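FYI, the numbering just counts along the sequence from 1. In this text the structure is predicted, and so the values were computed from the model without any measurement. Remember, it's 1-based here, ligands and their atoms both numbered in the order they're listed.
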Amino acid sequence: MKTTAVILAAGQGTRMRSALPKVLHPLLGRPMVRYSIDTVQKATGEKPVLVIGHAAEAVRQQVGEAADFVLQEPQLGTGHALQQAAARLRGQTDFILATTADMALFTVETYERLLAAHQERFARDPQGCPITLLSVISQDARGFGRVVRKPDGEVQAVVEEAQATPEVLALQELNTSVYCFTADWLWNALPRIPLSPKGEYYLTDLIGIAVSDGLSVQAVAVADPCEAIGINTRLHLAEAEAILRQRINQAWMLAGVSLIDPHTTYIEPDVIIGQDTVIWPNTYLHGSTRIGENCTIGPNSILRDTLVGDRCRVLVAVTEKAILENDVEIGPFARLRKGAHLANGVHMGNFGEVKNSYLGPGSKMGHVSYLGDTTLGAGVNIGAGTVTCNYDGKHKNKTEIGDHAFIGSDTMLVAPVTVGEGAVTGAGAVVTKNVPPHSLAVGMPARAIRKLKDSD
Ligand code: UD1
Ligand code: CA
């Protein structure tokens, strides 16, 4: 039988006090809404339907192909939101998994448990229990609706905090706003939700409707209350982010990665790290960063969309869209910008910046240098203070340096320019013309003054 998820994401999220729609606020680097999309897709095996309304275009753009969209306009409450999916899904699917985009921390297993509980009951009693809801037992009510049970344990109602009597307020079983419905029943019941005094249609009223029809509603409690953090304010956002971070960090530690101080280690969900790599404190691994085995990363490093091979050392560095092959060392105070590619065994020391450049195997750039739009051969030595002058005010020009060239300290390479294989530049050379292979060039502007003795 088929289950399709509907994710409610049309509300503005006024309590965030933000120009950005709530569901697009980043949670560990990804828009909040992506989390529920991914988890329900895995739990149901189907592309979910996302109900959008407030800032619909922005949400649609961020989500792209990952969901189908229905528009809720105007936004008249959670019941009204789910009803917008009726035209799309009626007759198409057997069960509806309804959830909200601001409950981002539920795991695939939790959704699967809810679906299994509903389907198991359905198999025994196809008409008797059209709703299974996911509850959480917690002393911290967080403004959630309270689940009221009958003496026999079945659910009687969900009462919103604003409507609750002191007795109901004291209940510790709370509604997470995640439900599995039998689809045929749902589509017929949604139009029966009454308008609330606040002018909204509450999805929670479906429980009362089922019960008054003499049907059962069952509740399954989430095993780990930490999953049930609804994000309504920026305080909740920070709380959710901390839990997610802890979850990711724990998974990497159990997978064989050492985190010296997990509390100051920020690893985004798509990052991959190899075994026996050690991450030192205050390190941020963003986006699609991948790190190989036996590396040492940090302290104080920020890597974004960076590929790092095995046995690399990254110390106090900031990298973005860069590649480090194996046995590469960078830092302290190294900056790799887009397109920096350091081949096997490259050493890049303190205060270096590399952009859109390839440094061949074993090349060294020890101190205070800038390489932009440059191709280096193997075994090149870049002296302290070397700068590629790659921008003439209009164009970015290329520098090429051959294998085993030795660039003297404080050389200015005025691109476009080529330094041949095995060539040497003197300290302070300003290289404006190509330097032939195996030649020594000095001065300003640098001229090749002689062929090197030990060359062929
Ligand atoms: C809701 C539940 C409450 C539950 C809590 C758990 C209702 C009436 N209340 O309250 O019982 O304890 O979730 O988190 O359902 N949305 C729309 N269209 C709308 C209104 C809301 O799509 O017209 C979406 C929002 O974008 C949000 C979700 O529905 O993702 C929940 O709305 P929200 O206003 O946050 O409901 P809560 O007050 O948290
Ligand atoms: Ca909410």
Could you find the nearest protein heavy atom to [atom] and give me its residue, atom name and distance?
atom: atom 1 (C) of ligand 1; result: Ser177 OG, 3.8 Å
atom: atom 22 (O) of ligand 1; result: Ala10 N, 2.9 Å
atom: atom 23 (O) of ligand 1; result: Gly77 N, 2.7 Å
atom: atom 25 (C) of ligand 1; result: Gly11 N, 3.7 Å
atom: atom 35 (O) of ligand 1; result: Asp102 OD2, 3.1 Å
atom: atom 12 (O) of ligand 1; result: Asn175 O, 2.6 Å
atom: atom 21 (C) of ligand 1; result: Thr78 CG2, 3.9 Å
atom: atom 14 (O) of ligand 1; result: Met103 SD, 3.5 Å

Name of the Asp102 atom (N/O/S only) found closest to the Ca ion (ligand 2):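 Looking only at N, O and S atoms of Asp102, the one nearest the Ca ion (ligand 2) is named OD2.
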Ser177 backbone or side-chain N/O/S under 3.0 Å from the Ca ion (ligand 2):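 Under 3.0 Å: Ser177 has no N, O or S contact with the Ca ion (ligand 2).
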Does at least one non-hydrogen atom of [X] fall below 4.0 angstrom from an atom of ligand 1?
X: Arg15; value: yes
X: Gly53; value: no
X: Glu200; value: no
X: Gln72; value: yes
X: Thr176; value: yes

Lys/Arg-Asp/Glu bridge criterion (N-O < 4.0 Å) met for Arg247, Asp224: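 Asp224 and Arg247: not salt-bridged.
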Option of least heavy-atom distance to atom 10 (O) of ligand 1 (set: Gln75, Glu160, His54):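 Shortest heavy-atom distance from atom 10 (O) of ligand 1: Glu160.
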Plane angle bin for His118 and Phe95 - parallel if under 30°, tilted between 30 and 60°, otherwise perpendicular: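 Aromatic pair Phe95/His118 classed perpendicular.
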Whether Phe106 and Tyr111 hold their rings parallel, tilted or perpendicular, with breakpoints at 30° and 60°: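 Phe106 and Tyr111: perpendicular rings.
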With heavy atoms of [X] as the reference, note each atom of ligand 1 found under 4.0 Å away.
X: Gly145; answer: 3 (C), 4 (C), 11 (O), 12 (O)
X: Asn232; answer: 35 (O), 39 (O)
X: Lys22; answer: 35 (O)
X: Ala101; answer: 30 (O)
X: Tyr202; answer: 8 (C)

Asn175 side chain vs Val158 backbone, donor-acceptor pair below 3.5 Å: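 A pair under 3.5 Å: no.
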Derivation of the side-chain contact (heavy atoms from CB on, under 4.5 Å) call for Leu105 and Leu244: CA-CA 7 Å; Leu105 298 185; Leu244 200 59; 3.7 Å; yes
Close N or O approach (Val158, ligand 1; < 3.5 Å):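 No, since none of the N or O atoms of Val158 sits under 3.5 Å from an N or O of ligand 1.
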